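Below: one structure, written as structure tokens.
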Amino acid sequence: MFSYCTDPSTLGGLTWLSCFLTTGVHLSFYLSFLKVLGLLAVTAPVALAFGFLGAMAARASFAPLSWLGKGYIAIVRGVPDIAFFLFFVIALDQLFEYTRHRILCPDWDQPVRQGNDFIVCQAAKLPLGSSPEWMHETYAFGLAVITFAIVFGAFAANVLFGAMRAVPRAQLETGEAYGMTQRQTFWRILVPQMWVFALPGLSNLWMVLIKATPLLFLLGIEDIVYWARELGGTKTSKFTSYPHGDWRMWYFLALLIFYLLMTKVSETLLGRLMARLTLGQATAGGEAQRKAA
Amino acid sequence: MKKIILASAALAVSATFAIAQDKTIRMGTEGAYPPYNFINDAGEVDGFERELGDELCKRAELTCEWVKNDWDSIIPNLVSGNYDTIMAGMSITDERDEVIDFTQDYFPPTESAYVAAAEGVDVKEAIVAAQTATIQAGYIAESGATLVEFATPEETVAAVRNGEADAVFADRDYLVPLVEASNGELVFVGEDVALGGGIGMGLRESDTELKEKFDAVITEMKADGSLNTLLKKWFGDETATY
Amino acid sequence: MSCIDTIQSYAFRSLGFGERLLPRSDFTLCEQVTLIGSGMIWNIYFGVFALLTGFFMATALAVAKASPRAALRKPAEWFIFLFRGSPLFIQFFFAYFLFLSLKSSYPFFGNFTAAWLGALIVLFLNTAAYSAEIFYGALQSIPKGDTEAADAYGMSGWPRFRRIVWPTMLRLAWPAYTNEAIFLFHATTLVFFSGFPAWQQRGDALYYASYFADKTFNPFVPYPILAGYFILLTLVIVSLFGLVNRHLNRHLPANTRPRLKMRMNLIR
């Protein structure tokens, strides 16, 4: 990075450190923080959407749909997320490619499963074999987002399902009394009011999502934990200009601080959001706000 | 029956190759096993296999790119088609050969070695550390020694340094640079054990044409001595050559 | 080898009994189900003991956090923030390092680097922090009338806490605490995966599942088996906690009893 970094073995102290911390690998490490933040930013709304659909399905009056919603919530929640991640991404990838294969190569007469191999026609490959590396990385990122969203969507569905039931029955009855249809009461009365009941659960879910990011490496994303392990491990002078011993302790300490900071910031922001949502609601919190004002 | 399927698969694959000549060959590796493969200061895949793989691709006139993947899922991802080859210091074993295909070996059968913090450790009785799910771990489990498994090779060596294990059992070539850099803190003990049938490039069983291409260039590199030059460069002058 | 033989040789393999060597070729479904089930012993062990011990510490922490005295409140707040704010695997990593260095200076800590004790301590502290936050929330929502009635009866100090505050706190916290229990059991899969070394191939359910996934190169059999075991375990936990919930709410008229909803409140 810096001009004096050509021969690090002659450097000492802070100059050495400044060179060490700006090597290409370290830049990838810093980049992975952005990757994690990006993933969180994308996953949260997608998971919320999955959760919303799941909750709507679970409270549907059409029984099979309700079973589907409840089954999704119960099964995904019953399984440790780590077990899910270990086989789910490959399954999802194969599902996509198989679907494309059936559509794009209708006259393909080979079996898709040959022994252990999973083979689809070249045109069905995702991404295409000729695409550049960044496409592959984006695709892997997308798969990770979907996997996270499915897992956390089940938790979100559970929270939203509870929140929808927590909205006072009288509110809905008032809507009906005004001649609103069921659809109208749902969207105009229930949905706007349920958030205040859902927020405590959703904020905890967000905290959990933050702490689930170390599992990203299982999904093929080089996240902060992967790099911390890689960089912290013992390096001998043969393979790097910056040999050092086992420094994983320091790298993990940096991660610890990162996670604690994320938690603190999230707690503060969510606290404010809660205060905003409570405003004017028929809950104990809303009552307290009204009295204080 | 199986032969017929394989033959027809080969036909099918060659047919698609004719269409998609510009297909990039994706080379899967672990990136955490120096000197075979590791991440260099610039953040790129480096090491013996990187250099060899690039040379093989050049000779076979293929466009290649490198992909990192976690060791535990490296074979499932290959058969699922996420990359086309594995070059990750993977020993050719019967178990693996049932699931994937290997080219001929590009590294002679490797020796695995014990390293301890002091001389005189009886490796048949001691507590021996090995990486989870490696052929070394399987060997120790059968040898009668007490096996302790760690998730990464790094941790196995750390376990010897801090006294959790009496010795570590791993590929000799992985241990040599560590022992050299330890200033006598770590020493080789016991006798080396030959495990596996050399290191080869892993491919899908259906990819016979690609396998033949790589086999041909490996033979070529063995014949003209360029493979031996590479081996000496990365593993020192005493290493086994062809 | 028939399935009965397999069960005999491997049912307690995770504890070190039975066949010394794990199956190495021709893996049958029976072997996978038996060994992964054998590993579940460890998941249940970690979960049950961490939950039992963590419960008491959580109560103490919750009371300390609700205390008006800063000397009690601040340490409890920090403890809860530290353990709830960091991923479990980082806690495992630091604990393992800490126990290793303690062990080298004091022989007393000899067993702490082994998973059965070291990981249990981490899980205990972790669940204590999470449960404490749940209990703290419940303490804050105890109806004012309850404590006023206790005061009117002249109760104070320990009897007031034991007979009025604590039962009400438990009653209010129970649904969320059930979820915490479920997630604690899920978290036990991390012990051997990223925390502590496995000795002589004695590991938990995930350890054996990944063993089979690695040997058969097929993740689609062992991991769903593992998932099945955990769904069963979750059902057992929910029904056991449901019984306790009924007991805690037995004095309330039937239609106002809070049903044990699978509501997620605090998880890791």
Side-chain angles (χ1 to χ4, degrees), chain A residues 70 73-91 94 116 154-159 161-163 165-166 197 200-205 207-208 210-215 218 225 228-229 246 248-249 252-253 255-264 266-267 284, chain C residues 43 81-82 84-91 93-94 97-98 101 130 133-134 137 141 175-176 179 182-183 185-190 193-194 205-206 209-210 213 216-235 237-238 259 261-268:
Chain A
K70 284 181 178 152
I73 297 177
I75 290 176
V76 178
R77 285 189 67 234
V79 179
D81 44 8
I82 190 170
F84 214 76
F85 290 165
L86 280 167
F87 71 94
F88 195 71
V89 178
I90 296 184
Q94 293 191 352
N116 297 292
F155 292 110
N158 192 30
V159 173
F161 185 62
R165 291 209 300 204
F197 299 101
L202 290 180
S203 8
N204 285 307
L205 197 52
M207 301 291 185
V208 181
I210 295 174
K211 275 165 270 157
T213 48
L215 298 178
L218 297 179
V225 177
R229 261 210 192 109
D246 187 352
R248 281 177 302 162
M249 176 80 101
F252 280 116
L253 203 60
L255 293 195
L256 181 68
I257 294 169
F258 170 74
Y259 280 113
L260 288 179
L261 268 178
M262 283 287 291
T263 308
K264 195 80 213 167
S266 310
E267 271 179 1
Chain C
N43 296 95
F81 175 65
L82 190 68
R84 287 183 72 228
S86 57
L88 185 59
F89 101 95
I90 288 193
Q91 295 167 19
F93 175 84
F94 279 109
F97 255 52
L98 179 74
S101 50
Y130 277 90
E133 188 66 25
I134 297 173
S141 24
N179 283 310
I182 295 171
F183 291 109
F185 276 95
H186 288 184
T188 57
T189 50
L190 277 174
F193 193 79
S194 69
L206 184 64
S210 51
T216 58
F217 306 104
N218 180 4
F220 298 118
V221 178
Y223 293 125
I225 294 177
L226 174 74
Y229 273 118
F230 266 94
I231 291 175
L232 278 182
L233 182 63
T234 308
L235 288 177
I237 298 168
V238 169
R259 288 232 313 278
K261 279 178 295 196
M262 294 271 286
R263 273 267 293 285
M264 196 198 54
N265 279 324
L266 296 149
I267 56 175
R268 44 185 69 66

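Lettering follows sequence order; numbering is per chain, from 1. Because the structure is a prediction, the values reported are computed rather than measured.
Pairing each heavy atom of C:Phe81 with each of A:Leu260, the nearest pair is CZ-O, 3.5 Å. Minimum heavy-atom separation, A:Ala91 to C:Phe220: CB-CE2, 3.6 Å.
Here the CZ atom belonging to A:Arg77 is positioned 4.5 Å from the CZ atom belonging to C:Phe183, to the nearest 0.5 angstrom. Taken from CG in C:Asn218 to CD1 in A:Ile90, the straight-line distance is 9.5 Å, to the nearest 0.5 Å. The CG atom of A:Leu215 lies 6.5 Å from the CG atom of C:Leu190; values are rounded to the nearest 0.5 Å.
Proximity to chain A is absent for every atom of C:Tyr229, based on heavy atoms less than 4.5 angstrom apart. If you measure heavy-atom distances from A:Met262 to chain C, you find no contacts under 4.5 Å at all. Neither the backbone nor the side chain of A:Leu261 comes within contact range of chain C, judged by heavy atoms closer than 4.5 Å. When heavy atoms are compared at a cutoff of 4.5 Å, A:Ala212 does not approach chain C at all. Heavy atoms of C:Leu82 lying under 4.5 Å from chain A belong to its backbone as well as its side chain.
Contact count against chain C (heavy-atom pairs under 4.5 Å) is highest for A:Pro80 among A:Gly78, A:Pro80, A:Ser203, A:Ala156. When C:Pro224, C:Gly228, C:Ala205 are compared by the number of non-hydrogen pairs under 4.5 Å with chain A, C:Pro224 comes out ahead.
Heavy-atom contacts from other residues, nucleotides or ligands closer than 6.0 Å to CD1 of A:Ile75 number 12 or fewer.
Side-chain contact between C:Phe93 and A:Leu255 is absent, with no heavy-atom pair separated by less than 4.5 Å. Between C:Leu206 and A:Leu86, some side-chain heavy-atom pair lies under the 4.5 Å cut-off.
Of the options A:Leu256, A:Val225, A:Leu253, a side chain to side chain contact (heavy atoms under 4.5 Å, CB included) to C:Ile90 is made by A:Leu256 and by none of the others.
Between C:Phe89 and A:Phe252, the ring center distance clears the sub-6.0 Å criterion.
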